Amino acid sequence: MGAETVAKRGPVKARPWTWVWATAVVTVVCGGPMALLGWGAMAWSEMGEVKPADCAEVMTFARGTLPADARDARCTAAHWQETQVVAEFRTDRAGAGAWLAATYPAGEPAYSCEVNVCVRASYDEVLFVDVTIAYEDGDTALVRVEAFDL
């Protein structure tokens with residue numbers, strides 16, 4: 001009897017789509033977490049960043065409104081674990097005190113003040129509003145309203 005010979009086969013060749021699917025799986029498994037980390041780092045870096053904001057929304061948050069004669073208004077907001085908004089505007093010196101008394105009647109004078117008028121109003125120990133008025137040359141007053149919540 002003769003020895004039987006078994007035909008040797010060459011290496012198995014992968015189909016072209018096998019490599020496409022293998023590449024896609026490796027990309028998702030390795031690249032997905034890396035993309036998520038990159039997105040998280042970008043989102044984290046923007047947290048708490050001060051950005052321009054609409055003055056009407058800022059003053060609504062601060063439980064007030066801009067006086068009718070307000071000019072040069074600039075407002076910013078920063079959000080992270082708490083919200084902090086700032087509104088700065090100029091108004092007439094005579095109207096600044098009346099606006100302050102009408103807008104924040106429960107405000108108390110601050111302990112120390114480096115400008116002409118400083119008032120702090122508190123709402124349920126959750127929202128705090130600090131108002132400072134600095135009298136400038138002439139009949140102009142620079143008003144700064146800073147509000148933050150906890």
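For clarity, every value in this text was computed on a predicted model and none was experimentally measured.
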Asker: Looking at G64 and T103, what are the two nearest heavy atoms and their distance?
Answerer: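 Distance-wise, the nearest heavy atoms are CA-CG2, 3.6 Å.
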
Asker: Cation over ring, R63 on Y123, under 6.0 Å and within 45°?
Answerer: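 Yes, R63 lies over the aromatic ring of Y123.
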
Asker: Could you tell me whether R120 and E108 make a salt bridge, using a distance below 4.0 angstrom between a side-chain N and a carboxylate O?
Answerer: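 Salt bridge flag = no for E108 with R120.
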
Asker: A side-chain contact here means heavy atoms from C-beta on lying under 4.5 Å apart; do T140 and R93 qualify?
Answerer: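 Sidechains of R93 and T140: no contact.
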
Asker: Where is the tightest heavy-atom contact between A62 and Y104, given as atom of each residue plus distance?
Answerer: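 Smallest interatomic distance, heavy atoms only, reads O-OH, 2.8 Å.
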
Asker: State the CD-OG1 distance between E146 and T76, to the nearest 0.5 angstrom.
Answerer: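 So the gap between those two atoms works out to 8.5 Å.
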
Asker: Any donor-acceptor pair under 3.5 Å linking the side chain of T83 with the backbone of H79?
Answerer: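 Side chain of T83 to backbone of H79, a donor-acceptor pair under 3.5 Å: no, none is there.
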
Asker: Output, in order, the C-alpha distance, side-chain angles, deciding distance and verdict of side chain to side chain contact (heavy atoms under 4.5 Å, CB included) for V145 and F61.
Answerer: CA-CA 11 Å; V145 178; F61 179 81; over 6 Å; no

Asker: Give the cluster check for F128 versus V58: same hydrophobic cluster or not, with ILVMFWY residues linked at side-chain heavy-atom distances below 4.5 Å.
Answerer: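 Unlinked, F128 and V58 end up in two clusters.
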
Asker: Decide salt bridge (charged side-chain N to carboxylate O under 4.0 Å, His left out) for D139 and R90; before the verdict, give the C-alpha distance in whole Å, the side-chain angles of both, and the deciding distance to 0.1 Å.
Answerer: CA-CA 10 Å; D139 292 334; R90 286 185 169 75; over 6 Å; no

Asker: Has D69 got more than 12 heavy atoms of other residues, nucleotides or ligands less than 6.0 Å from its CG?
Answerer: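 Above 12, so yes.
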
Asker: Could you point out which residue of N116, L100, V115 forms a side-chain contact (heavy atoms from CB on, under 4.5 Å) with I133?
Answerer: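 The passing option is L100.
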
Asker: Please step through side chain to side chain contact (heavy atoms under 4.5 Å, CB included) for the pair V143 and W99, ending with a clear verdict.
Answerer: CA-CA 10 Å; V143 179; W99 170 83; 3.8 Å; yes

Asker: Let me check something: do V131 and V117 share a hydrophobic cluster, defined by ILVMFWY side-chain heavy atoms less than 4.5 Å apart, either directly or through other members?
Answerer: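 Yes, V131 connects to V117 through the hydrophobic network.
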
Asker: Please evaluate residues K51 and E49 with respect to the criterion salt bridge (charged side-chain N to carboxylate O under 4.0 Å, His left out), reporting the C-alpha separation (whole Å), side-chain torsions for both, the decisive distance (0.1 Å), and the verdict.
Answerer: CA-CA 6 Å; K51 297 180 180 179; E49 186 176 323; 5.2 Å; no

